[in-house]
Amino acid sequence: MDRRGFLRIVGATGAAALAGSCNRMNSAVGTLSSPTNLIRFPEKTEMILLTDRPPQLETPIHYFRQDLTPNEAFFVRWHLEGIPTSVDLRTFRLNVSGHVRQPLQLSVDELRSRFDPISIVAVNQCSGNSRSFFEPHVPGGQWKHGAVGNAKWTGVSIKSILDRAQVKAGAVDVSFNGLDVPPLPSIADFVKALSIDHARDGEVMVAYSMNDQPLPMVNGFPLRLVVPGWYGTYWVKALSDITVLPQAFSNFWTDKAYRIPAGPNGSESPKALAKDTIPINRFNVRSIFVRPEPEETVHPGIPNEIEGVAFDSGYGIRRVEVSTDGGTSWADARLDPEIGKYSFRRWRASWTPRNRGQYRLMARATNAVGDTQSKEQWNRSGFMWNVIQQVDVKVD
Amino acid sequence: MTPKTKSAIVLSLGLTVLAAGCGHPQNISQEETGRGVTNIKMESMLVSNADIPVHTIVMPHDEPLFPPGRGREEFVTACVVCHSPRYITMQPRFSRATWLSEVKKMQDVYGAHISDDQAVQITDYLFSINGKASTGKGPKGTYGE
């Protein structure tokens, strides 16, 4: 499509919005100070609207009362305006090429029928989840804690696909591209890469199924790369091209974007930005309150069940401590059985507040190698938030 | 756009009306192999490939409207080609320096078709609708957020 045609269509859709095709009444600039905007996208339930084009949709926290986040409520984040809205499975192929002896063009049916399927329950989390809590504020998607979800992914390991393609000696990286396209030729196509060893670890996979259903289009139908324990930027949606490279991969989305300070926990000071940066990679440890939710009122003299989810990059959550007095005293929460090392680990505690008043609840997760959460944290991109969460509740 | 995507994508922008459902896999039996990995045997994975091979959605449009002001036309012309104006309204109020760095990022990094003069006008407009008085040097935008 040429630029002029594009502008014409944008104008037409703008007019359609004016004519009342909006899902909500509250569409004017008054939304600057409004609270939560909800929107319903195709195949999705009502979600928190960050942006509509390209879509960025956040999961309301109450969905994390379920161990597996429903597909219809799973968060959505695209980078480029040209996202796929129609896929013809008769012509769609996953292309495997580059530094291989046997290039492959695989239909979704062939992936299902010609390879052994595997399933992994794994958390996917946006690099910028919770960005809105950084002080000073940083530009970017102003997520609260819902740019994360836990799903059972079923598909084929990259290892078995690359074995079929017969990787040549000397492979270094594997790049992954999806069907999304940039709106201008000057914008880099969204392509990400993993090292050949990481890609072949037997767990990195192409998922054709999410919680035993096909993926919603906006979550990457028909195929999505799953990189357990790593941030969502690597989980390429609508995956269409796997390319094995005999040299290190290089592009804008790796060299300039999605980089973190090289120091501990990707942290730096606003007054002295880190000089050395590295590509974002594994999740740090964190916990998210599921209930009570912020500003919720609970009652005195009776047990209140409080709960949350914790996760890390795959070492496994070993301990979650909860404080109901703003961090003065801590007690161990009960951990639900482990679903999988990359999964949400649910924790629960019972709390009987004696008196009415304001209380500050906190939860702190620790993993199997002793990593725990931050007391304070900042970086210029608003990535990897894992500050110990505080939830202020009123007892009345 | 490459040939591989051409056949597979329709950039509908709300113009496509075909809407099709998608089948659901069924009858999955599992066996644990440890390490969080499960082997799955599919006795019959019913997929609608044969019946409804084209899966299509229609994207909703819910873009905020913007008040008149100096630089509004430049903003509407140059910015909403690539993204919804909601990319502005979802941000907290930023200093003029932070907004300028965002506009320069669009110009220099993503190749937005705007002149330096237009960049200043767009910055003025963004600052007028979602700015705050500067308290020293605000954080500059980075990439990929």
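Below, read A as the first sequence line, B as the second, and so on, with proteins coming before strands; counting in each chain starts at 1. The basis for the numbers below is simple: all heavy atoms, side chains too, and nothing from hydrogens, waters or symmetry mates.
Contact annotation: the side chain of A:Leu89 never approaches that of B:His55 to less than 4.5 Å [non-hydrogen atoms, C-beta and beyond]. Looking only at side-chain heavy atoms (C-beta outward), B:Met90 and A:Leu49 stay at 4.5 Å or farther from each other. Taking 4.5 Å as the limit, every side-chain heavy atom of B:Val109 sits out of range of all side-chain heavy atoms of A:Lys256. At a threshold of 4.5 Å between non-hydrogen side-chain atoms, the residues B:Pro92 and A:Pro139 do not count as touching. Residues B:His61 and A:Arg53 have side chains in contact (heavy-atom distance under 4.5 Å, counting atoms from C-beta outward). Between B:Val58 and A:Thr85 there is no side-chain heavy-atom pair separated by less than 4.5 Å. Using a 4.5 Å heavy-atom cutoff, the side chains of A:Glu81 and B:Val81 are not in contact.
Only the backbone of A:Trp78 comes within less than 4.5 Å of a heavy atom in chain B; its side chain stays farther off. Heavy-atom distances place the side chain of A:Pro55, and not its backbone, under 4.5 Å from chain B. Heavy-atom distances place no part of A:Ser127 under 4.5 Å from chain B, backbone and side chain included. Heavy atoms closer than 4.5 Å to chain B are found nowhere in A:Pro270, neither backbone nor side chain.
B:Tyr110 and A:Phe252 have perpendicular rings, their planes meeting at more than 60° on a 0 to 90° scale where under 30° would count as parallel.
Contact record, B:Gly111 with A:Leu184: O-CD1, 3.8 Å, taken as the closest heavy-atom pair. A pairwise comparison of heavy atoms in B:Cys82 and A:Pro54 identifies O-CD, 4.1 Å as the closest pair. Of all heavy-atom pairs spanning B:Arg86 and A:Thr51, the tightest one is CD-CA, 3.9 Å.
When the shell of 6.0 Å around NZ of B:Lys104 is examined, it contains more than 12 heavy atoms from other residues, nucleotides or ligands.
With sequence neighbours excluded, no residue forms a side chain to side chain donor-acceptor pair (under 3.5 Å) with B:Glu74.
In this structure, B:Gln91 contributes its side chain and A:Gly140 its backbone to a donor-acceptor pair below 3.5 Å.
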Test log, rule ring-ring contact (aromatic ring centres under 6.0 Å, His included), inputs A:His137 and B:Phe94: CA-CA 8 Å; A:His137 290 309; B:Phe94 285 125; 7.2 Å; no

Side chain to side chain contact (heavy atoms under 4.5 Å, CB included) between A:Val218 and B:Ile57, worked out: CA-CA 9 Å; A:Val218 291; B:Ile57 61 168; 4.0 Å; yes

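Between B:Thr89 atom OG1 and A:Asn37 atom CG the span is 8.0 Å, to the nearest 0.5 Å.
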